[in-house]
Amino acid sequence: MRSKETEITPEHGSPAERFGAYMWEAAIAAGYDLSDKGGGRARLAEDVGISPSAIGRMLNGRTLPLPRHFANLARAVARPVRDLYELAEMETGEDSTDDRIRPVGSVPPTPEEVADAWAITDPGLRRLFISNSEQVRRLQEEMNHRESGGGAVARG
């Protein structure tokens with residue numbers, strides 16, 4: 001539960017505190033009841049795809065969510081994802097028009113993240129997409145290894 005004595009706003013505090021204050025206001029504006037018995041935190045967690053405890057830590061300004069959750073958070077509260085990156089003080093690549101852009105220095109998206117971004121929700125199609133993506137990645141690594149003179153790679 002947020003402390004009523006705290007003066008944290010989206011303009012003041014640490015990045016995690018500002019992020020939490022922003023998301024608190026945005027979630028309420030989006031119709032999430034964040035009162036103790038309102039169920040809004042659990043619903044937000046379900047809509048975003050992260051645990052209720054992670055939502056609680058975020059809303060209370062204790063931690064920042066992982067950047068891979070920013071797009072779902074922004075979608076859930078109908079706010080621009082770029083705002084979340086700015087609050088978290090992460091680079092977004094200002095020249096990009098893609099609001100799902102990852103922070104500078106981040107790792108490539110996982111097949112699961114791509115399936116989410118492309119809205120591949122059917123369980124069978126998701127499994128097929130993810131397994132094929134992983135197989136293609138392994139085959140490419142094999143080819144790269146062979147081309148570098150490393151010989152065959154054990155498959156697993």
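Bear in mind that the values here come from a model prediction, so they are computed numbers and not experimental data.
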statement: ring pair (Phe, Tyr, Trp, His ring centres under 6.0 Å) filter on Phe70, not counting sequence neighbours, yields Phe19, Tyr85
query: Can you name the side-chain contact (heavy atoms from CB on, under 4.5 Å) partners of Ala54, sequence neighbours left out?
result: Ile50, Ser51, Arg57
query: Hey, what do you get for CD1 (Ile55) to OG1 (Thr63), rounding to the nearest 0.5 Å?
result: 9.5 Å
query: Do you know the tightest heavy-atom contact between Leu34 and Gly40?
result: CD2-C, 4.1 Å
task: For Asp33, check side-chain contact (heavy atoms from CB on, under 4.5 Å) against everything at least two apart and list the hits.
output: Ser35
task: Kindly state each residue pair satisfying salt bridge (Lys or Arg N to Asp or Glu O under 4.0 Å) with at least one member in residues 123-135, sequence neighbours excluded.
output: Asp116-Arg126
- request: Can you sort out the partners of Asp83 under salt bridge (charged side-chain N to carboxylate O under 4.0 Å, His left out), two or more places apart, ordered by chain and number?
  value: none
query: Using 4.0 Å as the upper bound for N to carboxylate O, is an ion pair formed by Glu142 and Arg146?
result: yes
Non-hydrogen side-chain atoms of Arg68 and Thr110 separated by less than 4.5 Å: no
message: Show the nearest heavy-atom pair for residues Gly31 and Arg43, with the distance to one decimal.
response: O-NH2, 3.6 Å
field: From CD (Glu113) to CD1 (Ile130), nearest 0.5 Å
entry: 10.5 Å
- request: To the nearest 0.5 Å, tell me how far Asp47 CG sits from Arg75 CZ.
  value: 11.0 Å
field: Heavy-atom pair with the smallest gap, counting every atom of Gly49 and His69
entry: O-CE1, 4.1 Å
task: Can you run down the ring-ring contact (aromatic ring centres under 6.0 Å, His included) pairs that involve residues 29-67, sequence neighbours left out, and say none if there aren't any?
output: none
message: Applying salt bridge (charged side-chain N to carboxylate O under 4.0 Å, His left out), can you list everything that pairs with Arg137, at least two apart in sequence or on another chain?
response: Glu141
message: Holding to side chain to side chain donor-acceptor pair (under 3.5 Å), I want the full list of residues that pass it with Asn144, two or more places apart in sequence or in another chain.
response: Gln140
field: In one Ile/Leu/Val/Met/Phe/Trp/Tyr side-chain cluster, 4.5 Å: Val114, Leu125
entry: yes
Worked verdict on Leu44 versus Arg41 for side chain to side chain contact (heavy atoms under 4.5 Å, CB included): CA-CA 5 Å; Leu44 180 59; Arg41 293 174 196 218; 5.7 Å; no
field: Verdict with supporting geometry, Met23 and Val77, side chain to side chain contact (heavy atoms under 4.5 Å, CB included)
entry: CA-CA 8 Å; Met23 287 303 298; Val77 298; 3.9 Å; yes
task: Report the residues that fulfil side-chain contact (heavy atoms from CB on, under 4.5 Å) with Thr121, sequence neighbours left out, ordered by chain and then residue number.
output: none
- request: Find out if a path of hydrophobic residues (ILVMFWY) with successive side-chain heavy-atom gaps under 4.5 Å connects Leu66 to Val48.
  value: no
- request: State which residues pass side-chain contact (heavy atoms from CB on, under 4.5 Å) with Ser133; sequence neighbours excluded, sorted by chain then number.
  value: Pro111, Phe129
